[in-house]
Engineer: 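I am attaching a structure below and will ask some questions about it afterwards.
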Amino acid sequence: QGKVDPSVPSPAAMDSAAKETVVVCGGGIVGCATAYFLSLKGVRPIVVERCAVACAASGHAGGFLARGWGSGATEPLHEQGFDLHEKLAEVLKLESFRHLPTLSVGGRKGSGQPDKDFPWVDRARSEMMDKGTAHVNPAEITQKLLDAAVSKGASLRIGSITGVQVEGGRATAVMVDGEPLPCSSVVFAMGPWSVLLEQWLPDCRVPMQGILSTSLVFPLPDQVQQPCALFCAEDEFGCHLEVNPRSNGTLYICGCGGSKYLDEAGIAALPPEGVQPDPSRVTAATSALRTKTSIVDKIEPEANACIRPCPPDAMPLLGKILENAYLACGHNCWGILWGPVTGQIMADLVTGESPSVPLGPFDPRRFASRASKRGRHKKGSAVGEQW
């Protein structure tokens, strides 16, 4: 069984926890969840964020939650992640969390009566895809996770991380705006910008492709009645729209197509404030949405963009990279669903407890450089030329 009660502090290491200086790098949902779960254990972490809380994907993602969509190693992340979202919605008093079904939407339909169950989907064919999904506004849960952590002694520091000081295989300080911030442990939860660790820790590998995509938010005059999420087939506009009605009366759209693919160097060179939407995809996605529903015919959207961090094997990087340093990144399109349970995992690792999710498939060290086994070896150690 997973750990799904986020309101009960763990008694483990409580006596010494308050003396620890744990630095959490990144103010997105993973970093703020890490700070929250550490605070439940008596730790008072320092969250370091370059811009603002939820200023990147955690503020511009869709917030779609699906418990049963995992496979293999990711099943526990989906299942425990979903259950934890339900618990956090109660504990944090989230206004945006709600269960809603998901429809699969195809092409345009002819004239006739709209679907009686979801009448706002009035211009496209649809069928039920999953009745057990849910939605949350990522910006709300991220901010409330941090607020709850701060109420228990955590703190937020705005500043740019520029490096890490290491002695004897341990991180001793994180460089913030050029000044050392001493740490007893550190968690790196910087989304796609976790690739910067390769510059700071020469033995660390963080292979990542960043997918920079446009998203839209339509402000509606009223909440969508009989709300449901939509997963739409590819259309003539080059979109695979994903549509999420929010409880605040807005309609969130992603899957706008035309994404830009960034390698590690491209991600490292692009600051969060430089992530901007593609105007051509705003036009295309708006036109595409209007072939699915009439409720946005006279409404123009707000456009945003974010980068999805995608490791080469489509698995997140979760685990130890130094004796006292941990990495949590590479969540692809499931960052919001997996974010809180990832924070719980990181808090367990920092405090020496066993995580509820098997981490073997997600070990960041799976990408570390490995010596060739094809040359001459002495008791497992490479000697001489390797080929």
Engineer: Less than 4.5 Å apart, any side-chain heavy atom of S280 and any of T214?
Structural biologist: no
Engineer: Let me check something: do W200 and V176 share a hydrophobic cluster, defined by ILVMFWY side-chain heavy atoms less than 4.5 Å apart, either directly or through other members?
Structural biologist: yes
Engineer: Just how far is it from atom NE2 of H85 to atom CG of L337, taken to the nearest 0.5 Å?
Structural biologist: 5.5 Å
Engineer: Less than 4.0 Å between a side-chain N and a carboxylate O, is that true for K144 and E90?
Structural biologist: no
Engineer: Please test S96 against E140 for side chain to side chain donor-acceptor pair (under 3.5 Å), starting from the C-alpha separation and ending with a verdict.
Structural biologist: CA-CA 7 Å; S96 63; E140 183 195 15; 2.5 Å; yes
Engineer: In sequence, state the C-alpha distance, the side-chain angles, and the governing distance for W120 and Q225, and then conclude on side chain to side chain contact (heavy atoms under 4.5 Å, CB included).
Structural biologist: CA-CA 8 Å; W120 65 280; Q225 299 302 308; over 6 Å; no
Engineer: If every non-hydrogen atom of G339 is compared with every non-hydrogen atom of I29, which pair is closest and at what distance?
Structural biologist: CA-CG2, 4.1 Å
Engineer: Answer yes if M175 and V47 sit in the same cluster of Ile, Leu, Val, Met, Phe, Trp and Tyr residues linked by side chain heavy atoms under 4.5 Å apart, and no otherwise.
Structural biologist: no
Engineer: Membership question, hydrophobic clusters at under 4.5 Å side-chain separation (ILVMFWY): are I336 and F231 in the same one?
Structural biologist: yes
Engineer: Has T133 got a side-chain atom pairing as donor or acceptor with L100's backbone, closer than 3.5 angstrom?
Structural biologist: yes
Engineer: Using only atom types and a distance under 3.5 Å, with no angle test, would you say the side chain of Q165 pairs donor to acceptor with the backbone of T172?
Structural biologist: no
Engineer: Starting at CD1 of I267, measure out to CG of D263 and round the result to the nearest 0.5 Å.
Structural biologist: 7.5 Å
Engineer: Below 4.5 Å, heavy atoms only, C-beta onward: do L65 and F97 meet side chain to side chain?
Structural biologist: yes
Engineer: Side chain of W193, backbone of L270: donor and acceptor closer than 3.5 Å?
Structural biologist: yes
Engineer: Working to the nearest 0.5 angstrom, can you tell me the gap between E300 CD and L216 CG?
Structural biologist: 10.0 Å
Engineer: Is there a path of hydrophobic side-chain contacts, each under 4.5 Å between heavy atoms of I/L/V/M/F/W/Y residues, joining M190 to F367?
Structural biologist: yes
Engineer: Flag yes if more than 12 heavy atoms outside E273 fall under 6.0 Å of its CD atom; otherwise flag no.
Structural biologist: yes
Engineer: Could you report the tightest heavy-atom contact between C239 and C256, atom names first, then the distance?
Structural biologist: SG-O, 3.3 Å
Engineer: Determine, step by step, whether K41 and D348 satisfy the salt bridge (charged side-chain N to carboxylate O under 4.0 Å, His left out) criterion, reporting the C-alpha distance in whole Å, the side-chain angles of both residues, the deciding distance to 0.1 Å, and the verdict.
Structural biologist: CA-CA 9 Å; K41 297 172 181 289; D348 285 342; 3.0 Å; yes
Engineer: Go through Y326 and L317 one step at a time and tell me if the side chain to side chain contact (heavy atoms under 4.5 Å, CB included) criterion holds.
Structural biologist: CA-CA 10 Å; Y326 307 88; L317 285 72; over 6 Å; no
Engineer: Counting C-beta onward and ignoring hydrogens, is there a side-chain heavy-atom pair between F188 and V24 closer than 4.5 Å?
Structural biologist: no
Engineer: Using modelled atom types and a 3.5 Å cut-off, is there a donor and acceptor pairing between side-chain atoms of D122 and backbone atoms of S294?
Structural biologist: yes
Engineer: Considering non-hydrogen atoms only, spot the tightest contact between S184 and V22 and give its length.
Structural biologist: OG-N, 4.1 Å
Engineer: One thing to verify: whether R205 and E198 come together as a salt bridge, which I'm taking to mean a side-chain N less than 4.0 angstrom from a carboxylate O.
Structural biologist: yes
Engineer: How far does NE2 of H78 sit from CG of D83, to the nearest 0.5 angstrom?
Structural biologist: 12.5 Å
Engineer: Checking side chain to side chain donor-acceptor pair (under 3.5 Å) for the pair S356/Q80: CA distance, chi angles, key distance, verdict?
Structural biologist: CA-CA 9 Å; S356 60; Q80 294 184 34; 2.6 Å; yes
Engineer: Does Y36 reach the main-chain N or O of P340 with its side chain, forming a donor-acceptor pair under 3.5 Å?
Structural biologist: no
Engineer: Between R366 and D313 (salt bridge meaning N to carboxylate O under 4.0 Å), is one present in this structure?
Structural biologist: yes
Engineer: What distance separates I253 CD1 from E242 CD, expressed to the nearest 0.5 Å?
Structural biologist: 10.0 Å
Engineer: Could you tell me whether W69 and F82 have their ring centroids closer than 6.0 angstrom?
Structural biologist: no
Engineer: Quick one: does any side-chain atom of R290 pair with a main-chain N or O of V296 as donor and acceptor, under 3.5 Å?
Structural biologist: yes
Engineer: Just wondering, do V105 and R125 contact through their side chains at under 4.5 Å, heavy atoms?
Structural biologist: no
Engineer: Can you get from L94 to V341 by hopping between Ile, Leu, Val, Met, Phe, Trp and Tyr side chains that sit under 4.5 Å apart?
Structural biologist: yes
Engineer: Side-chain contact, heavy-atom cut-off 4.5 Å: H135 with H99?
Structural biologist: no
Engineer: Would you confirm whether E264, through its side chain, and V195, through its main-chain N or O, come within 3.5 Å as a donor-acceptor pair?
Structural biologist: no
Engineer: Dump the intermediate steps for side chain to side chain contact (heavy atoms under 4.5 Å, CB included) on M128 and L103, then the final yes or no.
Structural biologist: CA-CA 5 Å; M128 184 59 64; L103 301 187; 3.8 Å; yes
Engineer: Please report the C-alpha distance between S215 and N304 in whole Å, then the side-chain angles of each, then the deciding distance to 0.1 Å, and finally whether the side chain to side chain donor-acceptor pair (under 3.5 Å) criterion is met.
Structural biologist: CA-CA 5 Å; S215 60; N304 297 297; 4.7 Å; no
Engineer: Identify the two heavy atoms, one from M315 and one from A73, that lie closest to each other, and give their separation to 0.1 Å.
Structural biologist: CE-CB, 3.9 Å
Engineer: Decide, yes or no, whether a salt bridge links K292 with D235 under the criterion of side-chain N to carboxylate O below 4.0 Å.
Structural biologist: yes
Engineer: Counting N and O atoms only, with roles assigned by atom type, does the side chain of E49 sit under 3.5 Å from a partner on the main chain of G27, one being a donor and the other an acceptor?
Structural biologist: yes
Engineer: Starting from the C-alpha separation in whole Å, work towards a yes-or-no answer on side chain to side chain contact (heavy atoms under 4.5 Å, CB included) for L349 and L359.
Structural biologist: CA-CA 11 Å; L349 292 176; L359 297 184; 4.0 Å; yes
Engineer: Indicate the atoms forming the closest heavy-atom contact of C204 with V206, along with that distance.
Structural biologist: SG-CG2, 3.8 Å
Engineer: Are R98 and P227 side-chain neighbours, meaning at least one heavy-atom pair lies under 4.5 Å?
Structural biologist: yes
Engineer: For the pair W334 and F64, name the ring-plane relationship: parallel under 30°, tilted 30 to 60°, perpendicular over 60°.
Structural biologist: tilted
Engineer: Is a donor on one side and an acceptor on the other found under 3.5 Å between the side chain of D130 and the backbone of T102?
Structural biologist: no
Engineer: Are any of the side-chain heavy atoms of L318 and M346 separated by less than 4.5 Å?
Structural biologist: yes
Engineer: Given R123, which of T293, D297, T291 fulfils the side-chain hydrogen bond (donor to acceptor under 3.5 Å, both in side chains) condition?
Structural biologist: D297
Engineer: First locate atom SG of C232, then atom CG of L289, and finally report the distance between them rounded to the nearest 0.5 Å.
Structural biologist: 7.5 Å
Engineer: Does the T74 side chain pair with the main chain of G70, one donor and one acceptor, at a distance under 3.5 Å?
Structural biologist: no
Engineer: Locate the shortest heavy-atom distance separating G330 from P311; write the atom from each residue and the value.
Structural biologist: O-CD, 3.4 Å
Engineer: Check whether any side-chain heavy atom of I321 lies under 4.5 Å from a side-chain heavy atom of L197, and answer yes or no.
Structural biologist: yes
